[in-house]
2 protein chains.
Amino acid sequence: MLSKSINIKEIAKRANVSIATVSRALSGNNNVTKETRSKILKIAHELNYKPNLLARSFVKGKTNIIGLILPDISDEFFSEIIKSVDDTSYQDGYFTMVISSHGNRSLVESINTMMNSRIVDGLIVLLSSVNDEIKRTLSSHRIPVVAISGDTSIGNYDIITVDNYKSSRDVVNYLFKKGYKKIAYINGPSENSDAILRHKGFCDECKKLKLTINPAWILNGDFTLLGGEEATNQLLQNKERPEVIFAANDMMAVGCYNSLAKNGYKIPDDIGVIGFDDILISEYLTPPLTTIKVDTETLGKFATEKLIDRINGNDTSKHQVITANTELVIRKSC
Amino acid sequence: MLSKSINIKEIAKRANVSIATVSRALSGNNNVTKETRSKILKIAHELNYKPNLLARSFVKGKTNIIGLILPDISDEFFSEIIKSVDDTSYQDGYFTMVISSHGNRSLVESINTMMNSRIVDGLIVLLSSVNDEIKRTLSSHRIPVVAISGDTSIGNYDIITVDNYKSSRDVVNYLFKKGYKKIAYINGPSENSDAILRHKGFCDECKKLKLTINPAWILNGDFTLLGGEEATNQLLQNKERPEVIFAANDMMAVGCYNSLAKNGYKIPDDIGVIGFDDILISEYLTPPLTTIKVDTETLGKFATEKLIDRINGNDTSKHQVITANTELVIRKSC
DNA sequence: TATTTATATGTAAACGTTTACATATAAGTA
DNA sequence: TACTTATATGTAAACGTTTACATATAAATA
């Protein structure tokens, strides 16, 4: 293990040239004769030379690694983001370093470490809720930062977001057009920015359409399957039953399905269900779930491209909020 | 952005000491007077000094980053591994760098790059299939390597594995005890080592129990939901119907569910289904899926602990194959 | 007091690259 | 030819740490 590794100096010695020439020959573009270059390349290959990326990064002040900070990574949404970010960054010659900040390791701590370590050239941060400390930390701008966040209050960084508010209104509108008047709503976590906006969209569109919101039909959820199930159980204890349940995300919608099945309700005949996110399984539930498709691939791609443009100095514009599209996917659940 | 960052030299100047003393004071353990230490710490804090981890790693020849190479990372199985690896490594003071090797970027290429870049101190590689080139590359041992793999033919690296073979036999045995005699099997990808062993376990246990294997009931699958659905469709075209379908993974079992529902079969009354993996949704399908639980958390934890022990030189034993436990989770699908 | 030992600090090299600058050679131009 | 320009190569500094070694001072011992 870790056998004495050969370096540029060794190659230089064998090729009878200076290390500068070796460096130039290996890096490609500079002025080196064909003969010297091929001689050096040959030796490098024979010795199975691999450049010390650490040394290179150190002197260049650039690692070509971007950091991706996540609240938690066992969620499907996050793993799709990881994939998308990694794909995109790799195409531009970057590696992706995933840092999860859940557990006792706080988000702010992770951001601070990564900001200053010089290990990453830029940072993509997935934010589920935002407070002043986080905003301040993200804005301290040693390196470029892009946030993927529902909260779009501008800081010293770019934001990629989903139009939660409008999409939520679209949902209500769609339900209304289908003839539903009695809509229950299962909310997400109270601090979650996406959840807040989805809830607001729900309320506002109901008001606009003059749909009365029954307070007993607004349930607290936590974006988990179990949360959705429990909320639905609670909902069904009311005397009056809604015609349709709008779950603020698909995971909770799956919880709805379970609760409804256990309580003997048929979807969509007895009660309809509609979700938000379009996770992988939604299409394969029985019945397939009607939901809002959040395009995580685009989300990750936008974030990465923006970040790399910032890193390379190709984008020096003011910090922006970029909104990724959503789409109502109509299936069979309502 | 990237404002001139302060370094140890700057602190030394202000504190009127040498950079060596600053380094010692900041790194904690060495011989420094209380007064000098606190003076240096105070100045460092005032200047908001953050050590250049890149420089440190460079001189120490150690980055405290472990690399995690995945075939593809949009899969739930992988995201659980990521989480587990990241959690475990963080507790030991390591960061995790995720590298996906799907698409045009080959696995061997990723391994080679990471092996020699000095960016990672060790490598965890998720292997779905193994060939000689991969084995050779992994064995070239510049840094310690741990493979999470179904294929346990030993190379110059540790292997963490799941007992696919035995678990698969357990499944057949369980079905047999429940009175099932006619078992169909949906296979995984032909090169996938896990799939190969699961299939072998199925066949061997059937033989042992003298269950006749109907060749028309052995279907090719690809571990995807759609693959499972198509295989089931095909299966149902036979005149004779099996009593139960053993899907080599849960994703395909979900596909079974869909096909059976569409074709008007009730689970488990008309046909039973059993899976392998116990993914998140399995518990919440209707009916809940009976399956083999693969403990991904333990898998990732074992791999990480082994790797870090190797990196630190705390483990110089011969390379091992460590098998993580599985468990038959009995639910309602058969 | 004289000598040894422990403690605190400084000096300078080392890690493996890249790159600004200097220099030597070759090619082009007047 | 003599001068300019382009090209190829070398020299050495730089990046920010850590650390082996040397040294100076303080404390302990004989």
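This is a predicted model, so every value here is computed, not measured. FYI, side chains are in, hydrogens and waters are out, and symmetry mates aren't considered; it's all heavy atoms of this structure.
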For the side chain of B:V17, starting at C-beta, report the closest nucleotide among C:dA8, D:dC15, C:dG10. C:dG10
Can you check the B:I19 CD1 to C:dT11 P distance for me, whole Å? 10 Å
Taking OP1 and OP2 of D:dT9, is either one under 4.0 Å from a side-chain nitrogen or oxygen of A:T36? yes
Determine, stepwise, if the pair A:E35 / A:K39 fulfils salt bridge (charged side-chain N to carboxylate O under 4.0 Å, His left out). CA-CA 6 Å; A:E35 298 91 58; A:K39 179 171 65 175; over 6 Å; no
Would one find a side-chain N or O of B:Y49 under 4.0 angstrom from OP1 or OP2 of D:dT17? yes
Look at all strands and tell whether A:L54 reaches a base, only sugar-phosphate, or nothing, counting heavy atoms closer than 4.0 Å. nothing
Write down the distance between CG (B:N52) and C1' (D:dT18), rounded to a whole number of angstrom. 13 Å
From the set D:dT9, D:dT19, D:dG16, return the single nucleotide nearest to any side-chain atom of B:N7. D:dG16
Of the options D:dT11, C:dA8, C:dT18, whose atoms approach the side-chain atoms of B:T33 most closely? C:dA8
Would you indicate what A:S23 reaches in the nucleic acid, counting non-hydrogen atoms under 4.0 angstrom: base, sugar-phosphate, or nothing? base
Any salt bridge (Lys or Arg N to Asp or Glu O under 4.0 Å) involving residues 116-140 of chain A? Give me the pairs, sequence neighbours left out, ordered by first then second residue. A:K62-A:D121
Using a 5.5 Å cut-off between ring centres and planes within 30 degrees, is B:F58 stacked on the base of D:dT17? no
Which is true for A:S57 with a 4.0 Å heavy-atom rule: it touches a base, it touches only sugar-phosphate, or it touches nothing? nothing
Under 4.0 Å between a side-chain N/O of A:T21 and OP1 or OP2 of D:dA8, yes or no? no
What nucleotide, of C:dC21, C:dG10, C:dT18, holds the atom closest to the side chain of A:R24? C:dC21
